[in-house]
There are 2 protein chains.
Amino acid sequence: MAHITDPKVIENTSMDIIDGLLAYKRWDDKFYPIVKRVVHTTADPVFAELLEASRDAVDAGIEALKKGCVIITDTRMAQAGINKKRLQKLNCEVRCGIDDPSIEMMAMHESMTRAAAAIRTQSALAPRAIFAIGNAPTALYELGELIEGGKIQPYLIIGVPVGFVGAADSKEYIKTLEAPFIVINGPKGGSNIAAGIVNALLIEASKGGEVLCI
Amino acid sequence: MAHITDPKVIENTSMDIIDGLLAYKRWDDKFYPIVKRVVHTTADPVFAELLEASRDAVDAGIEALKKGCVIITDTRMAQAGINKKRLQKLNCEVRCGIDDPSIEMMAMHESMTRAAAAIRTQSALAPRAIFAIGNAPTALYELGELIEGGKIQPYLIIGVPVGFVGAADSKEYIKTLEAPFIVINGPKGGSNIAAGIVNALLIEASKGGEVLCI
C-alpha cells in the first residue's frame with residue numbers, strides 16, 4: 001500500500017507537525033528540542049506541559065555528554081532505546097545493572113527493590129554520571145539518599161518514572177535535591193521517554209561536529 | 001524519604017487504582033487484562049479507549065505463547081521490555097533484526113526502511129510468529145504485503161507504532177488483513193506498549209501453571 005518510506009522525510013514531516021502543535025507558546029531555545037523529542041516519542045502534546053527542568057539541566061547534560069560520560073538507566077528498555085552510534089561518537093557509555101544476578105541477591109538481603117540496588121551499585125562505580133530513570137520511583141529515592149549522603153554528584157537526573165503509585169511523589173522529591181533535573185510531572189512517563197530525552201541531548205551535544213545518525 | 005518499596009504492593013495498589021479508573025464500562029473478560037496492562041504501562045486511561053482487538057486476537061496470542069512461539073519485534077526497546085523469565089518458562093523466544101549489519105545493506109539496496117527489511121528477513125525464518133510492532137508503520141505495511149502474498153501467517157499482529165506521520169493509517173491498514181490484531185487507534189503507541197501487551201499475554205498464558213515472575 002502507498003505510504004512514505006524515507007525515514008528522513010517521516011522524521012522531518014513529523015517535526016514540522018509538532019512545531020505547529022507547540023506554536024501556541026514561546027519555548028526556551030535550549031529546552032525546546034527536549035520538549036519536541038518527547039512529543040515525537042509519545043505523539044502526545046500533553047507532555048509539553050508536563051515537562052519541567054531546572055535552569056541548568058540542559059546545559060549540564062550537553063556538557064557532560066560532550067566530555068564522554070556514563071549514562072545509568074534503571075531499565076534495559078531505556079538502555080536499548082538510546083542511540084548507540086551517537087553514544088559511540090561522543091565516547092559515552094550506557095549502563096544498567098537491573099538484571100545482574102548479584103543485584104537480585106543484594107535487593108533481597110537489603111530489603112530494597114532491584115532498581116534501587118542497581119542504582120546504588122552502578123553509581124558507586126560512576127558517581128558522576130547522567131541518570132535516566134524511566135520506571136522505578138525507588139531508583140529516584142535511592143539517588144536522593146546517595147546525593148544527600150555526599151556519595152554521588154550526578155551531572156543530570158532525568159526523572160520520568162511512570163505509574164499511579166509513588167511516581168509523581170518521587171519526581172517532586174527529586175526537584176528538592178542539589179542536582180540538575182528534567183522531570184515529567186505527575187504519574188506519566190516511561191523508559192521510552194527517558195531514552196528520548198537522552199537522545200535529544202545527544203543530538204544537541206553532537207551539533208557543530210558532523211554526526212549524522214538516524 | 002518514606003515510600004513504598006515492595007514491588008508487589010506497588011503493582012497491586014496500582015492495579016486497584018486502574019480498576020477504579022476503568023469501572024465506568026463493562027469490559028470483555030479476555031480483553032480486560034490487556035487494557036489494564038496498557039494503562040499500567042502508560043499511566044494514561046485514554047489508552048483504554050484507543051485499544052482495539054479482533055475477536056480472536058487474545059485467544060490466538062495466548063494459544064501461540066502456550067505452544068512456545070517466536071515473537072518478532074521492530075525495535076530493541078520492545079525486545080528489551082518483554083519479560084525474559086516468562087518467555088523462558090513458556091519456551092518462547094523474542095527476535096529483532098533491526099541493527100544487523102546485513103539489514104542496513106538490504107534496506108539501502110531495496111530502498112526500504114531498516115524496520116521493513118528486518119521484518120522481511122525475520123519473518124522468512126519464522127512465518128508463523130507473533131509480531132509486536134511499536135515504532136515503524138513501514139513494518140506493518142511490510143507485514144501486510146507478506147500476508148497478502150501468502151508468505152506468512154502471523155498468529156497475532158500487535159500494531160502500535162507511534163507518530164504523526166503514517167502510524168494511524170498503518171493501523172487502519174492492518175485491520176483489513178486476514179490476521180488477528182491488537183492495535184491502538186490513532187497516532188499514539190510505542191515500543192513500551194508493544195512490550196506491555198506481550199507481557200499481558202504472557203501472564204495470561206502462564207495462568208494455571210505456577211509461573212511467578214515480577
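The structure displayed is predicted, hence computed values, not measured ones. Residue numbers start from 1 in every chain, and the chains themselves are labelled A, B, ... in the order their sequence lines are given, proteins ahead of strands.
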Using modelled atom types and a 3.5 Å cut-off, is there a donor and acceptor pairing between side-chain atoms of A/Trp27 and backbone atoms of A/Leu22? yes
Any idea which heavy atoms bring B/Pro161 and B/Lys171 closest together, and the distance? O-NZ, 2.8 Å
Looking only at B/Asp6, B/Asp99, B/Val165, the option with the highest number of non-hydrogen pairs under 4.5 Å against chain A is B/Val165
Region of A/Ile18 that comes under 4.5 Å of a non-hydrogen atom in chain B: side chain
Between A/Ile193 and chain B, with a heavy-atom cut-off of 4.5 Å, which part of the residue counts as in contact: side chain, backbone, both or neither? neither
Considering only heavy atoms, which portion of A/Thr41 lies under 4.5 Å from any heavy atom of chain B: side chain, backbone, both, or neither? backbone
With a sphere of 6.0 Å drawn around CD of B/Gln88, does it hold more than 12 non-hydrogen atoms of other residues, nucleotides or ligands? no
Can you say whether A/Thr42 sits under 4.5 Å from chain B via the side chain, the backbone, both, or neither, judging by heavy atoms? backbone
Treating B/Arg86 as the side-chain partner and B/Ile203 as the backbone partner, does any N or O pair qualify as donor plus acceptor under 3.5 Å? no
Please check if the side chain of B/Lys84 supplies one atom and the backbone of B/Ile82 the other of a donor-acceptor pair under 3.5 Å. yes
In short, A/Ala118 meets A/Ile103 closest at the heavy-atom pair CA-CD1, 3.7 Å
Between A/Lys151 (side chain) and A/Pro127 (backbone), is there a donor-acceptor pair under 3.5 Å? no
Can you say whether A/Val46 sits under 4.5 Å from chain B via the side chain, the backbone, both, or neither, judging by heavy atoms? neither
Salt bridge or not between B/Arg114 and B/Asp100? Use side-chain N to carboxylate O under 4.0 Å. no
Ignoring hydrogens, what is the shortest heavy-atom contact between B/Ala43 and A/Gly163? Give both atom names and the distance. CB-N, 3.9 Å
Counting only N and O atoms by type, is there a donor-acceptor contact under 3.5 Å from the side chain of A/Asp74 to the main-chain atoms of A/Gly134? yes
A/Gln79 portion near chain B, given a 4.5 angstrom heavy-atom threshold: neither
Check whether B/Val9 gets within reach of chain A through its side chain, its backbone, both or neither, counting any heavy atom under 4.5 Å. neither
Scored by heavy-atom pairs under 4.5 Å with chain B, the best of A/Arg76, A/His40, A/His3, A/Glu145 is A/His3
Please flag which part of A/Ile17 lies under 4.5 Å from any non-hydrogen atom of chain B: side chain, backbone, both or neither. side chain
Output side-chain donor-acceptor pairs under 3.5 Å for residues 174-188 of chain A, partner residues at least two apart or in another chain, one line each.
| unit_1 | atom_1 | unit_2 | atom_2 | d |
| --- | --- | --- | --- | --- |
| A/Lys175 | NZ | A/Glu52 | OE1 | 2.9 |
| A/Lys175 | NZ | A/Glu172 | OE2 | 3.2 |
| A/Lys175 | NZ | A/Asn185 | OD1 | 2.8 |
| A/Thr176 | OG1 | A/Tyr173 | O | 2.6 |
| A/Asn185 | ND2 | A/Glu52 | OE1 | 2.9 |
| A/Lys188 | NZ | B/Asp44 | OD2 | 3.3 |

If the contact rule is any heavy atom under 4.5 Å from chain B, which residues of residues 135-144 of chain A qualify, in numerical order? A/Thr138, A/Tyr141
Contacting moiety of B/Leu21, where chain A heavy atoms sit under 4.5 Å: side chain
